[in-house]
Every structure is written in C-alpha cells, then in structure tokens.
Amino acid sequence: MSLNNKYDFKTIESKWQRYWAEHDFYEVTEDNNKAKYYNLEMFPYPSGNLHMGHVRNYAIGDVVARFKSMNGFNVLHPMGWDAFGLPAENAAIQHSIPPAKWTSSNIAAMREQLKTLGLSYNWQREFSTSSPDYYKFTQWMFLKLYEHNLAYKKDAAVNWCPSCHTVLANEQVVEGACERCEAQVEKKQLEQWFFKITDYAPRLLDDLELLTGWPEKVKTMQKNWIGRSEGCQFSMQVSNSDDSIELFTTRPDTVFGATYLVLAPEHPLVKSLCAGKAEEANVQDFIKQMEFLSDVARTSTETEKEGIFTGAYALNPFTNEEIPIWIANYVLMDYGTGAIMAVPAHDERDLEFALKYNLPVRIVIENPENPSIEVVTEAFADDGIMVNSAGFNGLSVEEGKKAIIKYVTDKKIGKATINYRLRDWLISRQRYWGAPIPIIYCDKCGTVPVPYADLPVILPEDVAFRPSGESPLKYVDNFINTTCPTCGGMAKRETDTMDTFVCSSWYFTRFASPLTNDLPFTKEAADYWLPVDQYIGGVEHAILHLMYARFFTKFLHDINMLSAIEPFTNLLTQGMVLKDGAKMSKSKGNVVSPEEIINKYGADTARLFILFASPPVRDLEWSDQGVEGSYRFLNRVWRLVNDYAANIKDVSSPDKWDNLDEATKNLHYKTHFTIKKVTDDLEERFNFNTAVSAIMELFNALNSYKEYPQQDYRIVKEAIESLLILLTPFCPHICEELWRVIGYNSSIITASWPKYEEEALIQAEVEIVVQINGKVRDRIKVPTNLVEDDLRQIALDNSRIKDLTKDKKIVKIIMIPDKLINIVIK
RNA sequence: GCCCGAGUGGCGGAAUGGCAGACGCACCGCACUCAAAAUGCGGCGUUCUUUGAACGUGUGAGUUCGACUCUCACCUCGGGCACCA
C-alpha cells in the first residue's frame, strides 16, 4: 500500500455514483420469474433543502432495498416529489417567483442532494405531483369518486385557517390549531367539496387486522380516529307537535334515567321547537353565540358546558314522562343525529350539565359497590343492575342494551346503529398551488364534471398573487370562463384546488407505470408491484396520509383498477433526528446540514452513523463525535483491506475447510456467525444498529488475526469478502471500491448475499456458566453437546464449586445445555 | 381524564427468562513523535478490607432455581385521543 493511498471518499463516491447510474443498475421491469419487492419511502415535499430526517428515512430505505436486491428480489425503489402545497405559493407572494419555477428549481436542488447519498433509486420513474402529467390523474381520481357518488359538495361549518387563507380537513386541525402554521382555526359556513371516506369506515377499521406488518401504535391511532361505537337510534315524540327527535345513544339501557334531551344548536328542529315561545329570543341568541365558535373552543373538555331550555318537551316512550328539550354547546350536529338523551346519573357530561342547570338526576343502574346511594355526585358508568326501569329491572347493562334495542325495534321507533367518529374528508382548498378540481358550473345544467377526455384542467401559470393569500385563480378570467361540456353554453370553472393529501393518496400506484397516459397506471403493472412490501416514513403521517392512502386503495380496488385492498404490507415508522435532545429546527439553532456532513466525511460515513446510532423506530440523538467514530471505522476498513489486497487477490478457497488451526478456525467461525447475525438483523428485525456492530466485531476479529504469525489467507479472504458484502447496503461506495481493490471486476452491488455454513458455526467447546443459587461463581469450558450427567459431574468436581458447596445440602441442579448450570444449595 | 410507548454506565445503545452493559462515543494510561495530531495497544458500572466480594437495569412488591426481560401497583418522560353521546 502506497503512502498516498488515503480513503478519498469524495473521488470514490462520485466515481461509483456515476458508474451505477451509467450501467442502469437500479432499473427494473416486471418479471414474473422473480419475486418482486416494492420498497418505498414517503416522498418528500421539495422544500429545496434536504434535512437529516430525510437522510435517515432514505438511508433506512436504501439498506432494505439493497439487501433485498442482493437476495435476488426484483426491487422497485422509486422516488418522486409531493410538490403541491403552500410554501411554493408563499414564496411566490414574498419573492415574486412563480410557484412552478420555485418548485422545479427546488426539485433539481434536492435531487442532486439525494444523489450524493448514493441511494439505489429507480430514477427513470421519478415524477412530481405538480406536473400536468400527474395531476391529470389526481383529477381523474376526483372524477371517478364523483362518478361513484363519493365526491360531493355541501354547505357545512368547516375549519378555516385565517393565516393559510383556506379551509382544512378535520385531520389537519391539531388541538384547535392549523397543522401547518399553528394559527387558531376558525369556523366558517361554506360550501365545500368532500370525499365520502365515511362510507369506507367499516372496512378501514376491520382491515387494520390484515396489517400484521404495521406497528400497533399506528393501528391504534387509526382505530381511535375512526372511532366506531355501537348503540341505538330511536325517536322521541315532541309534545304537542307532529315532530319527533331522532337520538343516538350507546347506553339504551339507561333510557329510564333520561331526564332531559339535548340538541346541537344547529339542529334543524330547534327553530320550530321554540317558535312563538317565551324562550325563542334567548335561544336564538345562544345559537348565534355558538355559530362562529370553532369546534375546539366549543367542545374542549376545558370549556364549561352551556345550554338553554327551548321551551319544548319530548315524551320519553319508556316512562311516558314529558322531559325538557335543551340545546347545549357539548352536543355536536355532525355526530350521530345531533341529539342525545341525557342521563345524568350515568354520564359524566350530562351530570355536570344537570348539576349546573338543576335538572333531575335519576339512578337507573345500581352500583354494586354502593347500592344504597341517593345523592349522585359522580356519574356511575360501569356495569351494574337495571333499577327504576319497570319491566327491565334486574337486567345487566349488556342484557339491558339488547332488551331496549329489541323493544324499540319491535315498536318501530328505532334500531341498533353504529356510529363513527370519522368525518368525511374535506378536500377543497381556496389556494392556487394545487390540482384544480375538475368541475364546471353551468346555469342551465348545474354542477358538471369535466369529461375525462378534457383532462388535465391545467393550472394557469401566469397569475397575479395577492398578499392576503387569496387564490389568484378566482381572478383568472380565461381559467374561470369556459363552456359547459353538456350544453355548450357559458359556464364557470370551480376555482378551488385539491388538498395535497389527495395527490399523495395514490402516488405509490403511479410508480408502477409512471409513463402511462390514458390511465393513472396500468392494472397489469400495478398488480405486479402492489402492494408496497415495505413503506418507510415518519409517524406524523399515522392518521392523515396513511388513512387517505388506504381509502384510495380500497376505492381503486372497488372500481377494478387494482387487486390490492391495502396499499402497504409492512410499515416502518422511523423516529426523529434530535440534537441536544430536541428536534432539529432553525428556531432552536440545532440544525446539522446533511450537505456539510457529506462534504466533510462522505455519504458512507453519514449513512453508517445514522444507521448505527440507534434502531430505526427510536429517536436518534445526533452526535458529531459519533460521526467521527463512523468515519474512523471506514478508514480502518480501508487500510486493512488495502494491506491485505496483495495477499488475498489470487488465493482461492477450497471446497472444504479442513485442518484449520484454532485462531484461524475462530476467524472462520466469526465470519459465518456474522453473516447469520447481519442477515437475521436485516431480514427479520430491521435492527440496523446491531447489524453494524456485528460487522464491526468481524472487523475487530480480522484486525487481531493480522498479528497472528501463521495466517491462512484463504480464511482472511473469506472474512474480507463477507465483510464487504455485508457492509454494502450501509456503505455502498467504499465497498464497491474495495471490491475492486481485492481483484473483482464486477460490481459488488450485484453480488449475492452470502450464506452462512452451518458447519462453520459448530464449535468443539463451549463456555458454561456455573451458578450457585443463581449467582455466577465460575465458568468452565466443556465439549459442545455434553450430556447432563457429565456436565453435572464436571461442575461438582470443580474446585471452586467444591469449596463453595461443602457443608451445604444440594437441593436441586438446573442445567441448560451448552449454556449454564445452576446448583441450588441450602 | 383515557389509550399507547419508553426509563439500563459519563453518553448513544446491546442483551426480551439464563454471564447486565455487546458495539461505538467520551475519558484514562502506554507506544510512536522534539512535540502535537493521526494511528496502534491496553483500561474503563459503583463501592469495599481489591487473585475476592457486595451492590447495580425508574420505585415498591410478587412469580421463578434464576428477572433488564414475566405479573401487579406506583413514579417520571414522550406520543396519541380528549365533551363523539
């Protein structure tokens, strides 16, 4: 090795990146003779800057893709851009750069940054969701949903972000604030487009069971979000009126304790209920107060319950009692029927309200621990026996529910129902930089969908942005003014665009055949590649993106576009990258730039550190010194392999390893042990950190062997080759270079993953731990697979053990073969 | 309030019923050097009466021959949901 043979990562990395790209190593086509593996990382928003979270996400994905590929799979590993969204528009407003231009230059910059990481992407399939070739099919999806009555427009109280100047989906409101900008969300009555995701609620919930490769945590979050609840819907007659009120309850068994009804202030019956009554004016005031209050302001647990009596009464069909009808802030119009029966004795919320407004409290479920209680201070919601409930007395809660449901069903005043917390997905946005909703409004024909043949509805680029953020589309006459596809008359286009989550709800299908231009993808290609075998990304998408994508997949399945019913078979949610215990952010000033790290140490070092420092699902604490350590390791590998290169180049390995001396045999063992360990870690557990540490151990073993006088270069060669191949998914560049250094002409990235030999893992002797009463007292070396009788004898004959057990009575001896013997003494 | 996850040396972490602390970082010592860096070699949980022993995986109990690992209760931190009837 010459003195100037330094580990020159810059030259090495750019050389091999060019070489791999030129030789199309990552291009794939559908091949039915090979097992496919679709490996996908959540595509990024092209902010223009790669951050460490991206690097971690893509490094993890690249290890999986390369590992699968080296194991003979036909691997699809694509990358694209989730390119619509507000930042581009804000840049346009602030810096007068057109969003399209801003976006494409950001994409170019980020693509270059990604390429310096040496990721095994199939770049031929790259696309951006903001290109007409793509959003044409986002619009196609809208039309298909519309065609199947799953896209509809309704006037509703919606979440309005005053800062983003647009409405938001329920999922995009976090603790009353906008998910993006954290401004307090307001409520507005607007006509908006929705996707009827609620039609899919039962399947979205039930099919979570199929997702055995998903983290429990994500499934639980989705389950809670969908929020299925079983109960009963029935009606109560309004006194002195033909109207009746439909209400929903999960506790029909408590109906005898219903002492009042509560309607949501927006309930359509409220007006007529109080019409002409003394209460009318006050009720109207109350409704006005509620109207503009955001959901959170109105319904947070911290908000005090408020309500008002409507002046009307309803007849409880079970007690034949007249009970007052109230309206209150804590009842929501868009859940259930917007009306509840209040049972203060057995519902905490109703109790709080009843106590505040002096409404009667009646116990109808007996608390078995406190049967004689008379004054209710705490709502009892657990299981008990029905009391004060006429013919239903004595039933348990479960029996009571069934009996009451049967009663209302027989009487034809109600039925068993299931309610979901999930709301329909509000997808229209009053912003410019998104896929235009392909709808035309005609005075004569009404709402008319754009014909498929006319897609895409092109987003005009020559527009004037307004500082307020108000969509400039509203002022682009040649966009708005069009002709009606049905009657040919003058008509106007919808100016709202779609939520960017719509774009990302189907992108994984497009990668299967990204150039298809009559359909979003061909069924043939999609059925070959989908579902995605491994999906990798941040847990922040646990509900939003992952649920929308599941919804789209099921819909595409239903319209026979796709065989898959779930998009992602396995999901890995990686942890955040932290610095000094906090998420990296500009405001905290703790951002480490990937570009700098790659410049200083190279992509291989950056990748190695990120994969070694912590298992993928956990948060990763950034450590500059840790990076140094990874860099140091690669330098040591570099030196060792170069030192050995001449000696191992022309050595060939025999068919059988015979007569190896002990030190050599140990190295041989270590090599095969490492192959097994790394393979298991990558295949089954995604424990990249322990895989790396196993490779480091193999390196350490090789390094010690270097001092051994009678080296067997055949075994050294085997160890070095194994080490390089095992390290390739983590650090492909240095491994490729060293592969050539030891004499290969073919690329290491196409090398087969090594298989361990069972025989090499058999050791003649094992160390057994000898315990007395569970405490380690000695260690002895014995032949492998020693029978218990012999092991017991050897242990008892051991002088230290003899010493410690003399004068003691041996009660019991527990033996674990090849591992441990525990002598229990008294 | 409810649900989920985590808690192990100075630090990142390893071990999921059988040797606690693999691997790495930091630190200490030695070699090389005029010196430093780099590199190499060695040490490195705490305490003590130090060829040995006691203690030690958030706290307390329990199961077991044996518990970081299982069970129960609690504490702390993180995440999710939170008037959804």
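- A side-chain N or O of Asp424(A) and one of Thr198(A) form a donor-acceptor pair less than 3.5 Å apart.
- Nucleotide C72(B) forms a pair with G60(B), judged by Watson-Crick or G-U wobble geometry with both contacts under 3.5 Å.
- Look at G40(B): its Watson-Crick or wobble partner, with both distances under 3.5 angstrom, is C30(B).
- Classification of Glu697(A) and Lys677(A) as a salt-bridged pair fails, no side-chain N sitting under 4.0 Å from a carboxylate O.
- Only the P atoms considered, U59(B) is 23 Å distant from U64(B), to the nearest whole Å.
- If you take atom C1' in U51(B) and the same atom in C65(B), they sit 29 Å apart, rounded to whole Å.
- For Trp326(A) and Tyr357(A), the distance between ring centers is under 6.0 angstrom.
- G78(B) and C4(B) make up a base pair, with Watson-Crick or G-U wobble contacts both under 3.5 Å.
- As judged by a 4.0 angstrom heavy-atom cut-off over every strand, Glu628(A) is placed among residues making no nucleic acid contact.
- Pair check for C55(B) finds G45(B); Watson-Crick or G-U wobble, both atom distances under 3.5 Å.
- What separates NZ of Lys6(A) from P of U39(B) is a distance of 11 Å, to the nearest Å.
- A22(B) and G10(B): their P atoms are spaced 14 Å apart (whole Å).
- Remark: A85(B) base-pairs with no nucleotide in the shown strands. Criterion, Watson-Crick or G-U wobble with two distances under 3.5 Å.
- Contact annotation for Glu540(A): no contact, since no heavy-atom pair falls under 4.0 Å across all strands.
- Under the 3.5 Å distance criterion, with hydrogens and angles disregarded, a donor-acceptor pair is assigned to the side chains of Asn5(A) and Asn642(A).
- Atoms CG (Asp382(A)) and P (C2(B)) sit 12 Å apart, rounded to a whole Å.
- Aromatic pair Tyr631(A)/Phe633(A): ring centres not closer than 6.0 Å.
- Between the P atoms of U76(B) and G66(B), the separation comes to 32 Å (whole Å).
- Look at Lys812(A) and you'll find a side-chain N or O under 4.0 angstrom from OP1 or OP2 of C65(B).
- The residue Gly629(A) sits close only to the backbone: its heavy atoms come under 4.0 Å of sugar-phosphate atoms, none of a base.
- Both Gln771(A) and Met696(A) lie close to RNA chain B; mapped to their nearest nucleotides by heavy-atom distance, the more 5′-ward contact belongs to Gln771(A).
- If you take atom C1' in G17(B) and the same atom in G9(B), they sit 24 Å apart, rounded to whole Å.
- In the set C83(B), C65(B), C81(B), the nucleotide with an atom closest to the side chain of Ile543(A) is C81(B).
- The two residues Ile821(A) and Ala795(A) have their closest heavy-atom pair at CD1-CB, 3.7 Å.
- Relative orientation of the Phe256(A) and Phe318(A) rings is perpendicular, given thresholds of 30° and 60° on the angle between their planes.
- In this structure, Phe612(A) and Asn689(A) approach most closely via the heavy-atom pair O-CB, 3.2 Å.
- Taking atom C1' on both A82(B) and U46(B), the two are 45 Å apart, rounded to the nearest angstrom.
- Here, C70(B) and A15(B) have their P atoms 14 Å apart, quoted to the whole Å.
- Put simply, the residue from Phe194(A), Tyr548(A), Tyr200(A) that forms a ring pair (Phe, Tyr, Trp, His ring centres under 6.0 Å) with Trp425(A) is Tyr548(A).
- Among the protein residues, Asn700(A) comes within range of the sugar-phosphate backbone only, with heavy atoms under 4.0 Å from sugar or phosphate atoms but none that close to a base.
- Nucleotides C23(B) and G40(B), compared at atom P, are 16 Å apart to the nearest Å.
- Within 4.0 Å (heavy atoms only), Val769(A) reaches at least one base atom of the nucleic acid.
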Starting at the 5' end of nucleotides 5-16 of chain B, put B wherever the base has a protein heavy atom under 4.0 Å, S where only the sugar-phosphate does, and a dash everywhere else. -------BSSS-
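- Looking at which nucleotide of RNA chain B each of Tyr335(A) and Met221(A) is closest to, the 5′-most match is held by Met221(A).
- Residue Ser229(A) is in sugar-phosphate contact alone, with no base atom involved, counting any heavy-atom pair closer than 4.0 Å across all strands shown.
- A donor-acceptor contact under 3.5 angstrom links the side chains of Tyr335(A) and Ser229(A), judged on distance only.
- Nucleotide C19(B) has no partner under the Watson-Crick or G-U criteria, as no pair reaches both atom distances under 3.5 Å.
- An OP1 or OP2 oxygen of A85(B) is reached within less than 4.0 angstrom by no side-chain nitrogen or oxygen of Arg421(A).
- Remark: of the listed residues Ile325(A), Asp350(A), Ile340(A), Asn316(A), Asp350(A) is the sole one forming a side chain to side chain contact (heavy atoms under 4.5 Å, CB included) with Tyr260(A).
- Base contact: Val331(A) has a heavy atom under 4.0 Å from a base atom.
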Please assess Asp789(A) against Arg792(A) for the test salt bridge (Lys or Arg N to Asp or Glu O under 4.0 Å), listing each intermediate value before the final yes or no. CA-CA 5 Å; Asp789(A) 283 349; Arg792(A) 184 187 299 117; 3.0 Å; yes
Walk along nucleotides 40-58 of chain B from 5' to 3' and tag each nucleotide B, S or - by protein heavy-atom contact under 4.0 Å, base first, then sugar-phosphate. SS-----------SSS---
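- One donor-acceptor pair, N or O on each side, does fall under 3.5 Å between the base of C65(B) and the side chain of Asn822(A).
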